[in-house]
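Inspection log for the structure reproduced underneath, given as structure tokens.
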Amino acid sequence: MAFAELWRELEPLGRDPASGGYRRYSWTAADAECRAWFSRAAEQLDLTVEPDNNGNLWAWWDQRRTDAIVTGSHLDSVPDGGAYDGPLGVVSALAAVEELKVKGFSPERALAIAVFTEEEGARFRVPCLGSRLMTGAIDPETARALSDDDGDTLAVAMTAAGGDAGLLGPREDLLDSIGAFVELHVEQGRALAPMGAALGLAEGIWPHGRWRLDFQGRADHAGTARLADRKDPMLPYARTVLAARHAAACHGALATFGKVIAEPGGANGVPSAVRAWLDARAPDEATLETTVTSVRSASERFCAEHGVALSVRRESYTPVVRFDQGLRDRIAGVLAAAGIKAPVLPTGAGHDAGVLAARVPTAMLFVRNPTGVSHSPAEHADLADCEAGVRALALVLENLAGPVRR
Ligand code: GLV
Ligand code: MN
Ligand code: MN
């Protein structure tokens with residue numbers, strides 16, 4: 001089945017009809033549909049699908065499990081996410097493997113497609129949870145206790161979906177079986193379009209993290225409480241949003257409040273509490289720390305002025321990532337030999353490849369995003385560019401996994 005056909009099959013799963021965006025949260029019905037679709041598609045290619053203990057799926061070319069060339073990405077989404085972030089890498093992996101099979105390629109090395117779970121951290125708030133668990137970057141006890149907005153823990157959600165959260169934990173054996181990991185991903189930003197390039201290669205990932213800020217005030221009557229008497233947590237929160245924007249602009253960083261909950265949520269009441277999540281990213285770790293520290297101290301000042309208590313907790317952190325130079329050079333050579341231009345780009349977006357990079361040689365291929373918009377239903381890549389991505393990935397897998405042909 002070619003790329004377009006696989007894409008058409010996956011496209012309707014987990015799409016919200018009103019927004020047109022995707023709500024493929026881990027361990028939900030939409031997630032189960034995506035997993036079932038992947039397993040079917042992989043089995044049609046004669047791959048052997050093996051779920052691991054952390055909720056990730058592995059589809060192996062044959063029985064070999066050493067020094068493997070692995071490609072893949074994720075199928076979960078942010079709230080109302082785009083179609084491409086994650087799925088493009090999975091569908092391209094399947095299409096590239098099909099292309100290799102059709103041309104009679106017989107790999108000298110083991111080859112597999114991986115689908116990582118909860119990459120976005122959209123449900124349990126820690127991104128790249130599947131790859132973090134696998135590499136030991138988060139301990140299983142902490143992971144099991146992570147809870148979603150309804151208060152359901154990962155342990156409960158996984159069990160309800162038929163998994164066994166008791167088995168979560170690092171997989172040294174699986175990591176040892178990977179010789180290299182190559183993730184293809186839609187570009188998130190707009191660097192390739194002005195360069196006239198359909199594809200790019202990742203240089204590294206900015207350090208980034210998420211911080212939860214709880215502003216605790218006092219609920220009161222919107223129509224009677226005098227302004228001077230209020231302990232309104234919305235006010236220091238609002239000022240903190242502006243301070244974050246200012247700090248990011250001053251330091252050449254990025255800072256975003258994309259999620260906020262006012263409690264108890266009555267339109268005619270001063271809220272008792274505001275809970276908000278700061279996503280911050282910067283070119284280096286010192287700048288990231290400076291940015292977050294300055295947002296935090298501004299927020300503490302605002303809270304003191306408004307009689308509001310503040311607590312700040314870091315929920316996730318990813319240090320700076322530099323992808324394997326040798327692997328990137330080899331891939332660049334393969335692409336150049338095929339006449340494919342692929343400029344090297346940095347990115348501020350997190351990926352499972354970034355987590356795995358701490359343990360195995362890792363590289364990323366980007367497919368041009370003409371508008372640069374991502375984490376949005378408007379995210380897009382042209383079919384011709386997606387197909388160019390598949391061709392490039394097939395060339396890369398063929399080169400890395402060995403030149404034998406039947
Ligand atoms: C992943 O998409 C991220 O938020 O960086
Ligand atoms: Mn994403
Ligand atoms: Mn992604």
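Start at 1 and go down the list; that is how both ligands and their atoms are numbered.
Using bins of under 30°, 30° to 60° and over 60° for the plane-to-plane angle, the ring pair Y237/F257 lands in the perpendicular bin.
In this structure, R35 forms no cation-pi arrangement with F38, as its terminal cationic atom is not both closer than 6.0 Å to the ring centre and no more than 45° off the ring axis. Cation-pi geometry between R65 and W58 is not satisfied (NZ or CZ under 6.0 Å from the ring centre, within 45° of the ring normal).
Checking E263 against S272 by side-chain atom types alone, no donor-acceptor pair falls below 3.5 Å. Inspection of the R230 and H306 side chains reveals no N or O donor paired with an N or O acceptor under 3.5 Å.
Between I69 and I178, the closest side-chain pair of non-hydrogen atoms is not below 4.5 Å. In this structure, the side chains of K259 and D149 come closer than 4.5 Å at one or more pairs of heavy atoms.
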May I have every N or O pair linking ligand 1 to the protein at under 3.5 Å, one per line with atom names and distance?
residue: ligand 1; atom: 2 (O); partner: E120; partner atom: OE1; Å: 3.0
residue: ligand 1; atom: 2 (O); partner: H375; partner atom: NE2; Å: 3.0
residue: ligand 1; atom: 4 (O); partner: R281; partner atom: NH2; Å: 2.9
residue: ligand 1; atom: 5 (O); partner: R281; partner atom: NH1; Å: 2.6
residue: ligand 1; atom: 5 (O); partner: R281; partner atom: NH2; Å: 3.2
residue: ligand 1; atom: 5 (O); partner: G350; partner atom: N; Å: 2.6

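Enclosure of atom CZ in R322 is not indicated, since only 12 or fewer non-hydrogen atoms of other residues, nucleotides or ligands lie within 6.0 angstrom. Residue E315 places its CD atom among more than 12 non-hydrogen atoms of other residues, nucleotides or ligands, all under 6.0 Å distant.
Residue-and-atom listing of protein N/O/S atoms under 2.8 Å from the Mn ion (ligand 3), sorted by chain and number: H74 NE2, D85 OD1, H185 NE2.
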